[in-house]
Amino acid sequence: MYERGIKGWLKHLDFILLDMLSLALAFFATFSLRFSQAWGSYQTELYRELLIMLLMLDFTVCVMFNTMHDVLRRGMYREALESVKHAAIVFAIMTVLLVALKVSDAYSRIILYGTSVLHMVLGYALRQIYKKLLQKRMKHEKKRAVLIVAPEARAAEVAEKLLTTANDAFDLAGLVLSD
């Protein structure tokens with residue numbers, strides 16, 4: 001029978017997890033640069049909670065704002081714009097959340113700003129790399145077979161046009177000539 005593909009945000013779960021990974025890497029890099037060490041200070045528990053809040057917020061923003069919509073069809077410039085928009089939304093909500101909870105003075109602004117900027121850059125770079133890998137894999141997957149039904153006078157033109165504009169997505173299975 002006919003199977004439908006996954007709908008909604010679940011079909012981009014891989015990109016959502018990749019974005020969360022880029023956020024975590026950005027946070028670790030900024031933390032290491034700010035405190036000149038990895039997880040060795042007395043503030044470890046405080047910043048571990050911040051990282052968990054950031055990751056949960058990142059996931060929520062991906063789902064609620066649908067920031068991964070058409071991620072495979074986006075060009076480089078639109079992807080860069082979407083990466084900046086996504087990281088800015090996460091940063092803005094996190095800032096409001098920290099102020100509302102009255103804990104903003106406990107965290108370093110350098111870590112928040114640095115994490116946000118690195119999240120923009122790493123998120124964009126990792127998405128572009130992953131898209132290239134997916135496109136390469138899809139290129140080698142099995143192509144769909146097409147049966148063309150066309151009048152005899154236009155059959156060659158229709159077949160050539162379909163096969164050249166479809167970027168080799170189809171294999172010509174047959175050609176039916178009609179009167």
Side-chain angles (χ1 to χ4, degrees), residues 3-34 47 50-100 104 107-144 146 157-172:
E3 287 186 27
R4 287 190 157 190
I6 299 172
K7 296 282 186 188
W9 62 270
L10 272 177
K11 69 180 176 180
H12 296 303
L13 186 61
D14 52 349
F15 280 98
I16 293 171
L17 294 175
L18 189 68
D19 193 68
M20 290 173 72
L21 174 69
S22 71
L23 177 62
L25 290 174
F27 183 82
F28 286 129
T30 308
F31 185 87
S32 297
L33 289 173
R34 170 66 176 96
Y47 283 99
L50 178 64
L51 176 61
I52 291 169
M53 286 191 311
L54 278 170
L55 291 174
M56 289 176 17
L57 182 61
D58 188 58
F59 181 79
T60 305
V61 167
C62 284
V63 173
M64 298 300 288
F65 288 86
N66 203 13
T67 58
M68 297 299 166
H69 181 70
D70 282 341
V71 69
L72 291 173
R73 294 186 187 116
R74 293 180 197 157
M76 290 175 57
Y77 300 112
R78 183 158 173 243
E79 186 66 49
L81 181 66
E82 290 294 326
S83 293
V84 169
K85 182 176 101 175
H86 175 81
I89 291 170
V90 171
F91 176 74
I93 294 173
M94 190 68 210
T95 303
V96 169
L97 188 63
L98 290 175
V99 170
S104 61
Y107 297 103
S108 169
R109 289 183 307 246
I110 294 173
I111 289 184
L112 291 172
Y113 297 145
T115 299
S116 182
V117 170
L118 278 177
H119 182 214
M120 290 176 196
V121 173
L122 282 174
Y124 172 75
L126 289 178
R127 275 188 230 154
Q128 288 297 101
I129 292 168
Y130 188 60
K131 281 198 298 190
K132 294 293 181 197
L133 291 173
L134 283 179
Q135 289 168 350
K136 189 180 282 190
R137 190 183 83 197
M138 287 190 296
K139 188 176 183 180
H140 295 299
E141 283 184 357
K142 186 177 176 183
K143 298 177 184 177
R144 291 184 180 221
V146 172
E157 174 190 343
V158 170
E160 181 179 339
K161 188 171 184 178
L162 175 74
L163 294 175
T164 57
T165 59
N167 295 330
D168 295 328
F170 302 110
D171 279 332
L172 184 60

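Note that the coordinates shown come from a computational prediction; the quantities given were computed from them, not determined experimentally.
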Taking all non-hydrogen atoms of both residues into account, name the closest pair between [X] and [Y] and its distance.
| X | Y | result |
| --- | --- | --- |
| L112 | L98 | CD1-CD1, 3.7 Å |
| S83 | G123 | OG-C, 4.2 Å |
| T30 | I111 | CG2-CA, 3.5 Å |
| I16 | C62 | CG1-CB, 3.9 Å |
| L122 | A26 | CD1-N, 3.8 Å |

Decide, yes or no, whether a salt bridge links K131 with E79 under the criterion of side-chain N to carboxylate O below 4.0 Å.
-> yes

To the closest 0.5 Å, what do you measure between [atom1] ([X]) and [atom2] ([Y])?
| X | Y | atom1 | atom2 | value |
| --- | --- | --- | --- | --- |
| I129 | L134 | CD1 | CG | 12.5 Å |
| I89 | T60 | CD1 | OG1 | 12.5 Å |
| H119 | L23 | NE2 | CG | 4.5 Å |
| D19 | M68 | CG | CE | 4.0 Å |
| R78 | D70 | CZ | CG | 6.0 Å |
| L25 | L118 | CG | CG | 9.5 Å |

Determine, step by step, whether R127 and H86 satisfy the side-chain contact (heavy atoms from CB on, under 4.5 Å) criterion, reporting the C-alpha distance in whole Å, the side-chain angles of both residues, the deciding distance to 0.1 Å, and the verdict.
-> CA-CA 13 Å; R127 275 188 230 154; H86 175 81; 4.3 Å; yes

Quick one: are [X] and [Y] in side-chain contact, heavy atoms under 4.5 Å?
| X | Y | value |
| --- | --- | --- |
| L50 | L54 | yes |
| L81 | R74 | no |
| F65 | K85 | no |

Can any side-chain N or O of S116 pair as donor or acceptor with the backbone N or O of Y113 at less than 3.5 Å?
->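 A pair under 3.5 Å: no.
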
Distance-only, no hydrogens or angles: does the R34 side chain make a donor-acceptor pair with backbone N or O of A29 under 3.5 Å?
->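 No.
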
Go through L55 and F27 one step at a time and tell me if the side-chain contact (heavy atoms from CB on, under 4.5 Å) criterion holds.
-> CA-CA 10 Å; L55 291 174; F27 183 82; over 6 Å; no

Should the pair Y47 and Y107 be assigned to parallel (<30°), tilted (30 to 60°) or perpendicular (>60°) ring geometry?
->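 If you compare the ring of Y47 with that of Y107, the planes turn out perpendicular.
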
Y130 and F15 aromatic ring geometry - parallel, tilted or perpendicular at 30°/60° bounds | perpendicular

Atom CE of M53: over 12 foreign heavy atoms under 6.0 Å = yes

Proximity of H69 and H12 rings by center, below 6.0 Å =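 No, they do not, as the ring centres are separated by 6.0 Å or more.
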
